[in-house]
Amino acid sequence: MTKDPARPALILLLLFCVGLLGEVDYQMIPPLLPLLASTFGVTASHAARVVPVYSVASAVFSLLFGYLSDHYGRKRFIQAGLVCFSVTCAGAFASASFETFLLVRLLSGVTTGAIVTAATSYAADYFSYDRRGRAMGILSTAYFAAAILGIPAATAIAGRWGWRPLFLVTASAALICGLLVWKFIQGGTAAQVHAIGSQHRLSLSRIRQVFGLCLRRRDTLSVLLASPLSSGAIVAFITFLSSHLIHQQHVSVQQVGLVFLLCGLASLAGAPLSGIVADRWAKKPLLVLSGLVLAACVVAVPKLVWGPGLFVVLALAGLSIAFRMVPLLAITTELVNASERGTFLALRNALSQLGIAASTLSASYLFASSGYAWVGVFSACLLTISSLVILFFVKEPQRRKI
């Protein structure tokens with residue numbers, strides 16, 4: 001880590017902004033599903049297919065970008081990803097049909113596969129494991145700040161001017177962020193600079209070697225199994241929350257935005273706190289406990305009416321998501337060497353996105369046929385299985401006392 005005390009804070013700030021852009025672009029879709037369905041003349045369940053399409057694209061291409069970033073550096077993929085991301089957002093603004101919108105969302109998934117994988121790997125390279133919980137806690141706040149800043153703002157703008165201007169704002173912000181990354185983030189980190197023979201670059205044998213290592217080890221294989229289960233459960237639950245509140249609880253789009261604001265505030269407060277707790281004590285117990293608490297919350301939400309009880313449970317769910325995400329990122333990024341980190345993280349992210357796609361698609365049928373309560377049960381089962389896999393099959397990496 002650099003001796004300049006300002007450098008770590010600057011690195012985290014820029015990586016936070018990168019993550020925030022991707023999360024706002026992704027998270028604003030669920031609360032906008034009713035408006036998108038109305039604009040394009042499709043049902044909410046049909047419009048929800050943009051979520052798995054986005055996820056599959058992100059999953060497939062993050063594998064390529066993660067591998068390449070191990071060899072050619074993280075910065076160039078963050079920069080190029082931001083520029084392409086800006087173009088796809090402009091395309092979403094101009095979409096005249098649902099098919100066109102679906103295509104540009106697929107391309108957005110490709111670009112975020114590059115920037116998210118590279119940004120997280122860069123942070124893991126930069127910060128040692130004994131302090132990585134704090135770093136990942138700050139970086140993870142992008143996910144929750146999107147719920148606080150992005151979704152309420154998006155629903156307010158969409159309620160007044162429609163959903164299209166949101167993508168122009170995101171496109172402009174991505175270009176600005178790309179310039180800041182080019183100016184202030186260094187090209188490589190000490191942890192990432194490893195001498196890898198040129199014969200391994202762009203080699204399928206190298207990819208197979210890393211993937212084989214991950215699949216043979218119990219801890220890495222367990223993370224690869226647990227991640228798509230929990231990620232899929234969370235996104236499936238969130239995707240249909242707005243439709244449930246609007247159609248079953250009869251609330252407005254603006255009120256839905258306030259619900260996401262509440263969950264985001266809880267998560268935003270929990271993310272840095274969970275990083276401190278994870279670094280000081282242990283990351284694995286925190287990860288398992290938060291997953292089980294979250295499972296209980298997603299079962300309870302569909303049974304609650306609009307009021308204080310619903311708000312408390314949703315706030316607890318938001319807090320649990322933060323306390324699960326931060327230690328999982330810290331553990332995942334330490335299970336392999338830095339020279340293989342991008343590839344492994346990309347594989348984990350790819351499987352998570354595929355899990356999101358499969359879970360969201362399954363939840364869409366459950367929601368249409370049986371209602372939101374069964375979506376909650378489905379998500380809770382996935383979260384419980386994921387937590388048990390971590391509990392019994394993942395050993396926490398060695399850490400130094402701080």
Side-chain angles (χ1 to χ4, degrees), residues 120 124 129-130 132-137 140 143-144 211 213-238 266-267 270-301 313 316-336 341 344-345 347-356 358-359 362 375-402:
T120 306
Y129 185 66
D130 58 345
R132 196 171 300 156
R134 291 174 171 84
M136 293 299 174
S140 296
Y143 181 91
F144 310 116
F211 286 1
L213 175 64
C214 297
L215 294 175
R216 287 193 299 269
R217 288 177 49 191
R218 189 179 72 170
D219 52 359
T220 51
L221 177 60
S222 299
V223 167
L224 293 177
L225 292 174
S227 295
L229 293 175
S230 57
S231 298
I234 292 171
V235 175
F237 179 78
I238 292 175
S267 298
L273 178 61
S274 66
I276 295 172
V277 173
D279 281 345
R280 186 164 297 277
W281 285 287
K283 299 173 176 63
K284 176 180 168 179
L286 189 65
L287 170 58
V288 173
L289 179 60
S290 60
L292 295 176
V293 172
L294 181 57
C297 291
V298 300
V299 169
V301 166
V313 174
L316 181 59
L319 193 65
S320 299
I321 292 173
F323 271 78
R324 170 201 160 274
M325 178 180 293
V326 172
L328 179 59
L329 279 174
I331 291 174
T332 300
T333 54
E334 189 65 15
L335 292 178
V336 296
R341 182 172 287 145
F344 175 62
L345 190 60
L347 178 59
R348 178 255 178 187
N349 290 345
L351 291 176
S352 292
Q353 292 298 330
L354 291 176
I356 289 171
S359 298
S362 300
V375 175
V377 172
F378 172 69
S379 297
C381 290
L382 296 183
L383 286 165
T384 301
I385 295 171
S386 175
S387 298
L388 293 178
V389 168
I390 296 293
L391 176 62
F392 291 113
F393 300 110
V394 175
K395 182 179 179 180
E396 181 161 352
Q398 293 294 322
R399 62 194 181 96
R400 299 188 301 272
K401 292 186 178 296
I402 56 177

Side chain to side chain contact (heavy atoms under 4.5 Å, CB included) assessment of Phe237 paired with Val301 = CA-CA 10 Å; Phe237 179 78; Val301 166; 3.6 Å; yes
ask   = Which is it for Phe378 and Ser359 under the side chain to side chain contact (heavy atoms under 4.5 Å, CB included) test, yes or no, and what are the steps along the way?
value = CA-CA 9 Å; Phe378 172 69; Ser359 298; 4.0 Å; yes
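Nearest heavy atoms, Ala322 versus Pro327: O-CD, 4.4 Å.
Between Leu328 atom CG and Ser227 atom OG the span is 4.5 Å, to the nearest 0.5 Å. With rounding to the nearest 0.5 Å, the separation of CD1 in Ile321 from CG in Leu316 is 10.0 Å. Atoms CG and OG1, on Leu225 and Thr220 in that order, are 9.5 Å from each other to the nearest 0.5 Å.
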Indicate every side-chain donor-acceptor pair of residues 380-387 with a distance under 3.5 Å to a residue at least two apart or in another chain.
{"residue": "Thr384", "atom": "OG1", "partner": "Ala380", "partner atom": "O", "Å": "2.9"}
{"residue": "Ser386", "atom": "OG", "partner": "Ala226", "partner atom": "O", "Å": "2.9"}
{"residue": "Ser387", "atom": "OG", "partner": "Leu383", "partner atom": "O", "Å": "3.0"}

Could you go through residues 287-300 and list every donor-acceptor pair under 3.5 Å that involves a side-chain atom there, pairing it with any protein atom two or more places apart or in another chain?
{"residue": "Ser290", "atom": "OG", "partner": "Leu286", "partner atom": "O", "Å": "2.9"}
{"residue": "Ser290", "atom": "OG", "partner": "Leu287", "partner atom": "O", "Å": "2.9"}
{"residue": "Ser290", "atom": "OG", "partner": "Phe323", "partner atom": "O", "Å": "3.4"}
{"residue": "Ser290", "atom": "OG", "partner": "Arg324", "partner atom": "N", "Å": "3.3"}

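Thr120 is not listed as a side-chain neighbour of Arg348, based on a closest heavy-atom distance of 4.5 Å or more.
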